[in-house]
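This structure is a prediction, so every number in the text was calculated from the model and none was measured.
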Amino acid sequence: MSDPPVKASGAPATTTTSDTGKASTPPVPSSPQAPEMAASTSTNAPASGSTNPNILPASHWASVPHIDETDDEDSTFGDDNASSTASLTASILEYRTVHGRTYHSERGNAQSWNPNDALHDESMDILHHVSTLMQHGKIYLAPIKDDIQKVLDVGCGTGIWAIDFADLFPNAEVIGVDISPQQPQWVPPNLKFEVDDVTQPWTYEPNSFDYIHMRWLTGSIPDWNALYGEIFRALKPGGYFEHKESACLLVSDDNTVREGSAIDQWGKVFTEAGRKFGRTFSVVEDGLQVKAMKEAGFDIVLEENMKTPLGPWPADENQKQVGLYNRLAIEQDVEGFLMYMWTMVMGWSKEEIQVYAAHLRRELRSPNIHAYYPQRVVIGQKPLGVTS
C-alpha cells in the first residue's frame with residue numbers, strides 16, 4: 001500500500017542544535033497552505049480538568065440538518081470507503097466485543113481503545129502511508145547506522161512499520177510488541193511479533209536494543225514516565241528512542257473549523273474521555289514527549305512538529321496527497337475510532353455515534369474547511385557510558 005520506504009541518513013536539516021550539542025526546540029512549521037489563502041490564527045487546546053462546557057451532548061447531532069457540501073475531485077478515493085516472550089494462548093485470542101467491534105483480550109493493565117478487526121487495521125495501514133508521505137518516503141528519522149543489530153517496535157499494531165523496517169535492515173533482529181495479536185504470519189525472517197502489555201514492568205534485558213520506535217499510543221498509557229523509564233533501561237548506551245504522536249484536536253489556522261462543528265467536537269470529546277479514563281489524549285498538546293524523555297535521562301536530539309491536513313485543500317502537491325489519504329483513513333472507519341471511548345467512557349449510544357459520524361464525514365468532504373491535526377516526533381539518545 002505504501003510507497004517503498006527509503007533509509008534515513010540522519011536527522012532532517014530543519015533541526016537546530018545548541019552549543020551543547022543538544023537540539024533546541026524548533027519552531028512549529030507553518031500550516032499547509034490552501035490555494036490563495038495564508039494562515040492566520042491557531043486554535044488552542046481546551047483547558048484540562050473539569051468537564052469542558054463546550055462539549056455538545058450526543059443527542060445534539062440528531063437535530064442538526066445535513067447540508068451537502070462535498071468535494072468530488074477525489075471520487076476514486078471515496079469508492080474505497082465501502083510477558084515479552086508471551087506465547088499465543090487461547091486467552092489472548094479471546095477478544096472483547098463492544099457494539100460489534102473486537103478489541104484485545106483482558107491482559108495486565110492494557111486498555112487500547114482501537115479495534116483490532118480488519119476494517120480498522122486497514123485504516124491504520126493507510127495512516128502508515130500518510131506518515132511515510134509526510135516524512136518524504138522515510139519510515140524513521142533517527143540517525144541510526146546501517147549495521148544496527150537489535151530493534152524494538154513498541155505498540156506495533158498491524159505490524160506494517162516493523163515489516164518495512166525489517167525489510168530495510170535484513171541483518172537486524174526486529175521485534176514488534178503489542179497487546180493484540182493482529183499482525184500477519186508471513187513476515188521477514190529477521191522479524192518476530194510478541195504479545196505483551198508494555199505498561200507493565202518489562203522483561204527485556206537491560207542495555208539490549210540499539211533503537212526503539214513507538215508511535216500513536218495516545219489514550220492508551222496511564223504513566224508515560226514509567227514507560228519511558230522502561231525504554232531507557234532497555235536501550236544500549238548511545239541507542240536511540242523515536243516517538244511519534246498525534247494530537248487529538250482537529251483545528252484550522254483560518255477559522256474554517258467552527259466552534260461546535262463535528263470536527264471541532266472530535267478533540268474536545270476525546271480530551272474529556274481521556275481525563276475520565278485516566279489515560280491522556282493530550283500527549284502532544286501538553287508536551288509530554290520531551291518532558292518524559294528528559295525525566296528518564298535521554299538527551300534530546302530531535303523535535304520535529306508536523307501539521308497533518310485532512311482533505312486535499314493544501315496547495316502543495318505532497319500535502320494534498322497526505323490530506324487525501326488521511327481523510328480516507330478516518331472516513332473509512334469513523335465509528336471504529338470512536339466506539340470504545342465514546343460509548344464505554346462518555347456514555348454515547350451506537351446510534352448516536354453513527355449520526356455524529358455522518359456529520360463528520362460531511363464536514364471532512366467540504367472544500368471550505370481546512371482542518372488538520374498536529375503531530376510531533378521526538379528522538380532521544382541514551383547517553384554513552386550510562387548503563388541500566
Please determine if [X] and [Y] form a salt bridge, counting it only when a charged side-chain N lies under 4.0 Å from a carboxylate O.
X	Y	value
Lys320	Glu317	no
Asp253	Lys307	yes
Asp264	Lys268	yes
Lys192	Glu194	yes

Expected output: side-chain [X] to main-chain [Y] donor-acceptor under 3.5 Å:
X	Y	value
Asp196	Val198	no
Glu352	Ser349	yes
Glu242	Leu141	yes
Lys291	Asp286	yes
Glu173	Asn190	no
Thr280	Gly274	no

Taking the side chain as C-beta and beyond, is there a heavy-atom pair between [X] and [Y] under 4.5 Å?
X	Y	value
Asp146	Asn171	no
Trp313	Pro367	no
Met346	Thr343	no
Phe209	Val151	no
Phe232	Val386	yes
Thr271	Ser282	yes
Trp224	Glu295	no
Val377	Ile379	yes

Do the rings of [X] and [Y] sit parallel, tilted or perpendicular, given the 30° and 60° boundaries?
X	Y	value
Tyr356	Trp348	perpendicular
His213	Trp161	parallel
Phe241	Phe298	tilted
Phe165	Tyr140	perpendicular

* Asked: Can Asp153 and Val177 be said to form a side chain to side chain contact (heavy atoms under 4.5 Å, CB included), step by step?
  -> CA-CA 6 Å; Asp153 185 21; Val177 61; over 6 Å; no
* Can you check salt bridge (Lys or Arg N to Asp or Glu O under 4.0 Å) on Lys150 and Asp210, steps first, answer last? -> CA-CA 6 Å; Lys150 193 171 182 180; Asp210 299 286; over 6 Å; no
* **Verify same cluster id: Val284, Met134 (apolar side-chain graph, 4.5 Å)** =>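 They do not share one cluster, since no chain of ILVMFWY contacts under 4.5 Å joins Val284 to Met134.
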* Asked: Quick one: do the Asn207 and Thr387 side chains pair a donor with an acceptor below 3.5 Å?
  ->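 Asn207 vs Thr387: no donor-acceptor pair found between side chains.
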* Asked: With no hydrogens and no angle check, do the side chains of Ser131 and Lys244 hold a donor and an acceptor under 3.5 Å apart?
  ->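 Lys244 and Ser131 do have a side-chain donor-acceptor pair below 3.5 Å.
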* Intermediate values then yes/no, side chain to side chain donor-acceptor pair (under 3.5 Å), Asn326 and Tyr372 -> CA-CA 10 Å; Asn326 195 27; Tyr372 71 89; over 6 Å; no
Nearest-0.5 Å distance, [atom1] of residue [X] to [atom2] of residue [Y]:
X	Y	atom1	atom2	result
Gln319	Leu324	CD	CG	11.5 Å
Trp202	Ser208	CH2	OG	9.0 Å
Gln321	Leu133	CD	CG	7.0 Å
Asp121	Ser180	CG	OG	8.0 Å
Arg279	Met341	CZ	CE	9.0 Å
Ser252	Asn368	OG	CG	12.0 Å

* Asked: Taking it one step at a time, do Asp333 and Ser123 satisfy side chain to side chain donor-acceptor pair (under 3.5 Å)?
  -> CA-CA 7 Å; Asp333 193 23; Ser123 284; 4.9 Å; no
* To do: Measure centre to centre between the rings of Tyr240 and Tyr211, then say whether the value is under 6.0 Å.
  =>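 No, ring centres 6.0 Å or more apart.
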* Asked: Do Trp266 and Tyr373 make the cut of ring centroids closer than 6.0 angstrom?
  ->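 Centroid separation for Trp266 and Tyr373: 6.0 Å or greater.
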* Asked: Please walk me through it: do Arg365 and Glu331 pass salt bridge (Lys or Arg N to Asp or Glu O under 4.0 Å)?
  -> CA-CA 9 Å; Arg365 285 276 163 174; Glu331 281 185 334; 2.9 Å; yes
* **Name of the residue among Gln289, Glu285, His243, Glu245 meeting side chain to side chain contact (heavy atoms under 4.5 Å, CB included) with Arg376** =>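 Looking at Gln289, Glu285, His243, Glu245, the match for Arg376 under the side chain to side chain contact (heavy atoms under 4.5 Å, CB included) is Gln289.
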* Asked: Under the salt bridge (Lys or Arg N to Asp or Glu O under 4.0 Å) criterion, do Glu335 and Arg361 qualify, and how do the steps go?
  -> CA-CA 11 Å; Glu335 293 83 357; Arg361 288 187 174 99; 2.9 Å; yes
